[in-house]
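Each remark here refers to the structure printed beneath this line.
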Amino acid sequence: MTNPTVITGTVGKDAHVIGTKILSRALREAGFNVVELGILTPPEEFIQAALDNKADAILMSSLYGMGENDVQGFKEKCIQAGLNDVLLYIGGNLSVGKHDFSEAEATFKKLGFDRVYPPASDVKKAIADLRADLKAKGKA
Amino acid sequence: MTNPTVITGTVGKDAHVIGTKILSRALREAGFNVVELGILTPPEEFIQAALDNKADAILMSSLYGMGENDVQGFKEKCIQAGLNDVLLYIGGNLSVGKHDFSEAEATFKKLGFDRVYPPASDVKKAIADLRADLKAKGKA
Amino acid sequence: MITTLRNKRLDEKEFLKMRDPVLDLWPTGREVDLDEAVEYQKQLPDSKNWHKLARKMNAEGRTAIFPRAGTGLLEAQIRLSRKLEESCVPFIPVTSDSYTRQLEFEKVDGILDEMRKTGRNLLNGFPLINYGVKQTRRLIESVTVGAFNPRLSLKSYKLATEISFAAGMTAVAACPFISWAAYEKDATLEESMAVNQYVHRLIGYYADRGVVISTDNHGWILTGMQPMTVNLATTIADAIMVAEQGGRSITSVVHLMGNMAQDLAWIRVTPRLLREYLDKLGYRDVEIAGVFAQHTPLFPMPQSMGGAFAFPNYTAVVAALGKTEAVSIRTIDEALGVPTEESHTLSYESANWLLQIVRGQKFELQSAQVDEEAAVAEAEIRAFMDRILEVGDGDVIVGCLKCVEEGFLDSSFSPNKQVRDQVIGIKDSRGAIRWREFGNLPLPEEIKKFHREKVAEREKAEGREMDYDALVQDFWAFSKGRLTGKPE
Amino acid sequence: MITTLRNKRLDEKEFLKMRDPVLDLWPTGREVDLDEAVEYQKQLPDSKNWHKLARKMNAEGRTAIFPRAGTGLLEAQIRLSRKLEESCVPFIPVTSDSYTRQLEFEKVDGILDEMRKTGRNLLNGFPLINYGVKQTRRLIESVTVGAFNPRLSLKSYKLATEISFAAGMTAVAACPFISWAAYEKDATLEESMAVNQYVHRLIGYYADRGVVISTDNHGWILTGMQPMTVNLATTIADAIMVAEQGGRSITSVVHLMGNMAQDLAWIRVTPRLLREYLDKLGYRDVEIAGVFAQHTPLFPMPQSMGGAFAFPNYTAVVAALGKTEAVSIRTIDEALGVPTEESHTLSYESANWLLQIVRGQKFELQSAQVDEEAAVAEAEIRAFMDRILEVGDGDVIVGCLKCVEEGFLDSSFSPNKQVRDQVIGIKDSRGAIRWREFGNLPLPEEIKKFHREKVAEREKAEGREMDYDALVQDFWAFSKGRLTGKPE
Ligand code: B12
Ligand code: B12
């Protein structure tokens, strides 16, 4: 079985890089094939990269609080592009200001994300989730 | 008109002295005749001193949080001793723990105190109150 | 002054006889069986022995927190102690309530009943005598790492320490000046010395059997604001009394007043002079457990959260720079009343952050200002100690009593009638505490000149006299986020 | 590398022509009338001029706070600025939102509408270009004491500074490295230099007419954790560019990483070397407004109130010990999101308490550790600066560009593709930051040896390699109240 391929990056006009760098490296060390888009990545670029690389999952970061705006309609665009089956994860500081994480979680799940992570969340835990989800889909 | 006489001290098993010292000195500087009982003063001693000195007011301090216990029935004892007309003031940390001052104020007013002061209250303000109250009674 | 009290070790038999009326004060007194207590103490792990814990902090280059805390019911006190343990606070106080401090045990029983019934908190501390040895052991056993230290009053000292040590506590502030000067109006220093001698002898009894109980020596706790040297000299005097009765471990308490140069100087000078005087008087086998820095009452009155955090955090930084083994800080609720559990947790978490970050760096600093303050402090402490030994003819008890009588040791704002109250302190422009009135203090002329110059400097800078109003303003300065008081 | 960009003052006529397309970017651009703006600036009181305020702090021996703050609606931004003024914060940032930073003004207009309708906060900063000169002047006029400083992005710099200065702001972080290295992926340093040259020239235009606008030079903002010397050298390079275009006031920013000896050393060395290089290159009339210490991103992640207060409080103490004119601290809500007004108030109240208490003491410290760190930092900064001037043949712009290309200046964790990313940092046992991988840095061999020894020391002490995992643990150390990272 080949290694699963994942796309990482920070979405929208967001320049926070450290989280996505650490996440990418951890994924690589865990045996994933990682396509690292870095910061300031338009949603469309995630889709294109997923298509080009036959990705199994997209792991988006968003720290600057305006992520909700950036990913409006993202799931729909994925489906239109034929990426029905790609797992969508997002993590970071997902709203402006102090807020309850559960609210953000609900919002982003509604927007079509399979899993949503709070700031400073443990990368190892996320990778374990990813493996489990891929397994459930018969992909790992 | 002679200077009004007041009794000061810290009531009960309370040893906090600084507040009552500062208060006493300020009263003296404001022209009052001050009988200073200091710390650890039983309620009865306040009454005796008021009788002995024909006091116009008693200014009690209580910092250690258990003042409520110490002054149970104090107003009644004053009346029994014939001190119907003596003004009763109390100030300090009047309950154990963090609390709303208004609660303490209500409790001590119910116990017969004419005025109740929170911690770190301004001595000058209290002295002005005292003058006003004495004036209302035709005593100053 | 005629006194029969001497700084001489009490004969063991005589001491054991003295214990009877003490243990009879309240039924729980008879729960104390010294032999059994020694065995109980011996099986306690090192992590519950104050002295060993303090030495461990020293060896590891850490500063721990020694807070103040006490609450009415055993269950609540256990919960509080566990919370402290969780907050990495290894030195745990058991502050007793004010009725226990006055031996009003029946009243306490009544209040405890009412508390259980109403759920209201009506005691400002833990009534350890009413609970007694067996119950209090439940407290000691409720934590894994934690050395307990009861906070008591003159009247309760003898019985309360009997119960505390038998229950497994391993330190106490047994120093004659503390209760006398800060908590009492009519009690005499001599009475207090006698009471403390009993406690010291009890500690010596345990020590002879291999159980080390430490004393944190607070000296003459100052209610006013004045240079700490009277206080620091008397912590040394305290230690000599403990040592004579057989105590083996001294915890050197240094009170901080908020000026870094002065505070760091006091932290540096005190243990050095303590060691010197102990050695000189022949107590070479007495160990110094460590230096405990302590916030003195600078009255952080009701103020917002921001300042409330800054004040104890500042104290933590100074203690860490001074590399003390522990620091006593107030909680963020200090001005409001007995702190809640949450307030304890937050306060110590914050302070511990700073203690870890600063100590970990092993940062070494030199400062000409610290050197200068250290020289002044040393000269003053020596002047007091030497005068004590001189007028006492080598006997520290007699010497202290005479010095108080003559005003060679003195304090302002004291509630105790025996105190002359002829001295006054004031801050200088940099926030260091100076003598404004020397009373009868036996200070060298050049030291007096130094203080006068510093006060004059501030008077000039502010264009006003450093009078009583200025002093009261200085009291409140820190509460207002200012180094010195300013006219409103 | 072929570049036509030179560190040469732009001709005024040419510059004025360059402005046209900038002002046309959005209708508010045409609100800028330079002559009128100069007059407006001139009638502002000293208390709103950044340079003068910084000099005042210096003269009075105070350390002020320069926070980060920005919110969506003008009314809210005014309220926030007033709150800051109430909290005695004289240096007021106007952090712009991320859409403004990308010149998406129509989107901003839409979002502003929605915010007004729904009451929700949907912008992470203040959209100053959409508001324009007249509206933004309302902000400047809303406080009595307060110098404003916009926080921008590469794309928005030209138009945003035109509007900011015309509206009465008096400082800006116009430094080519900051946006390029920390905020951009594809933009080149050369582009950034060109943009900043425009801003510097605009500042020079005002300066020629007697209006002093300061630049706070942040240098190459590091996203990773490494010794600050690349950063500090580039703050000096920044200053030289500003000076060449006619700027008269430099605010020297020094980023703190949390080790006192190192932080104090950087605070000491940087302004001295800045002065030296300015003088050497002929910019003697350029003044240093002051040193602004700044917390670097050390990630205080969600944590309880206690640690959240301790971290900025610690930064305040270090800045105060370093006697900087100002300090940028995070708020207690930093890890959670854009801070609330209450969180600003509490955070600065707490820090101000410490700044007042510590600065008031005029405490002077010496430390062999600081001296050692200062010597290392000086050697490194000189190595970088001299290499810049060498490969640029005296031209700091050409030099910087070449140095980045060659990896003579480098950073880890950079989001920008131009960066070599061949260096790595790590903490040593005392929490000082060391180089673990030197990449192509032109450091003297003895300096490299020093770093290697320090890293080896920690490896030995912890019995493990200082690898990538250790580095990530170090990132989070402060958030966990620890000086260095420990394996979980
Ligand atoms: C100094 C101090 C001590 C010193 C006292 C020295 C002494 N002999 O005076 C020592 C260390 C000995 C001490 C002991 C104890 N203390 Co104490 N102490 C304080 C502290 C730090 C300052 C009090 C003070 O002097 N303030 C300065 C004076 C000038 O202010 P003030 O008293 O409020 O008085 C002013 C005004 O209120 C007004 N005023 C005062 N009285 C009156 C009366 C009238 C009629 C009027 C008009 C005005 C007025 O005038 C003054 C001038 O402005 C406070 C905490 C704080 N506030 O910071 C705790 C505090 C009062 N103590 C407390 C406690 C519990 C104790 C102890 C029981 C145990 C302990 N925690 O150590 C023992 C009690 C001993 C005993 N038997 O009483 C608690 C009280 C808790 C509560 N109410 O819930 C406090 C709040 C600390 C705390 N958070 O635990 N304490
Ligand atoms: C460093 C930093 C910066 C640096 C960024 C440098 C860079 N290029 O990376 C600089 C200074 C440039 C910066 C700029 C800005 N920042 Co910023 N910044 C931070 C800071 C201090 C740390 C963020 C960080 O790197 N954390 C460390 C990493 C490792 O943690 P992480 O990102 O959470 O990632 C971890 C996990 O969450 C997980 N993870 C991350 N992504 C994902 C995704 C998935 C799918 C999974 C499973 C896991 C996962 O993996 C990581 C490893 O553990 C935070 C505050 C804080 N948290 O302390 C503010 C913060 C994120 N920034 C903020 C803001 C607003 C900005 C600015 C708009 C303005 C400003 N305040 O300066 C600009 C935006 C610029 C832009 N265009 O984006 C806000 C966001 C506010 C909000 N959401 O409400 C914060 C919270 C600060 C604040 N309180 O104002 N910032």
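Quick note on labels: first sequence line is chain A, next is B, and so on, each numbered from 1. Hydrogens, waters and symmetry mates are skipped; everything else that's a heavy atom, side chains included, is used.
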Proximal component of D:Ser429, with respect to chain C [non-hydrogen, under 4.5 Å]:
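For D:Ser429, the contact with chain C is made by the backbone alone.
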
Are any of the side-chain heavy atoms of D:Phe363 and C:Asn259 separated by less than 4.5 Å?
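Of all side-chain heavy-atom pairs linking C:Asn259 with D:Phe363, none is under 4.5 Å.
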
Compare all side-chain heavy atoms of C:Tyr314 with those of D:Val358 and state whether any distance is below 4.5 angstrom.
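Yes, their side chains come closer than 4.5 Å.
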
If I compare all heavy atoms of D:Lys362 with all of C:Gln369, which pair ends up nearest, and what's the gap?
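Scanning both residues, the minimum pair turns out to be O-NE2, 2.9 Å.
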
Measure across D:Ser350 and C:Ala310 and return the closest heavy-atom pair with its distance rounded to 0.1 Å.
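Heavy atoms of D:Ser350 and C:Ala310 come nearest at O-CB, 3.4 Å.
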
Aromatic ring pairing C:Trp353/D:Phe478, orientation class (parallel under 30°, perpendicular over 60°, tilted between):
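Ring orientation of C:Trp353 relative to D:Phe478: perpendicular.
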
Near C:Glu342 CD, under 6.0 Å, is it more than 12 heavy atoms from other residues, nucleotides or ligands?
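For C:Glu342, atom CD is not crowded (no more than 12 foreign heavy atoms under 6.0 Å).
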
I need the residue from D:Ala432, D:Ala261, D:Gly431 with the largest number of non-hydrogen atom pairs under 4.5 Å to chain C.
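If we count pairs closer than 4.5 Å to chain C, D:Ala261 comes out on top.
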
Heavy-atom pair count under 4.5 Å with chain C, highest-scoring of D:Asp428, D:Asn313, D:Asn352
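Counting heavy-atom pairs under 4.5 Å, the top option is D:Asn313.
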
If you tally heavy-atom pairs under 4.5 Å against chain D, which of C:Ser367, C:Ala351, C:Ala316, C:Ser347 wins?
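Answer, by heavy-atom pair count under 4.5 Å with chain D: C:Ser367.
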
Return yes if some donor-acceptor pair links the side-chain N/O of D:Gln361 with the main-chain N/O of C:Gly258 below 3.5 Å, else return no.
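Confirmed, D:Gln361 side chain pairs with C:Gly258 backbone.
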
In Å, rounded to the nearest 0.5 Å, how long is the span from CG of D:Leu365 to CG of C:Leu321?
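Result: 8.5 Å between the selected atoms.
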
In Å, rounded to the nearest 0.5 Å, how long is the span from CD of C:Gln356 to OG1 of D:Thr484?
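Answer rounded to 0.5 Å: 9.5 Å.
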
Could you look at C:Glu364 and say if it's the side chain, the backbone, both or neither that has a heavy atom under 4.5 Å from chain D?
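Both parts, backbone and side chain.
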
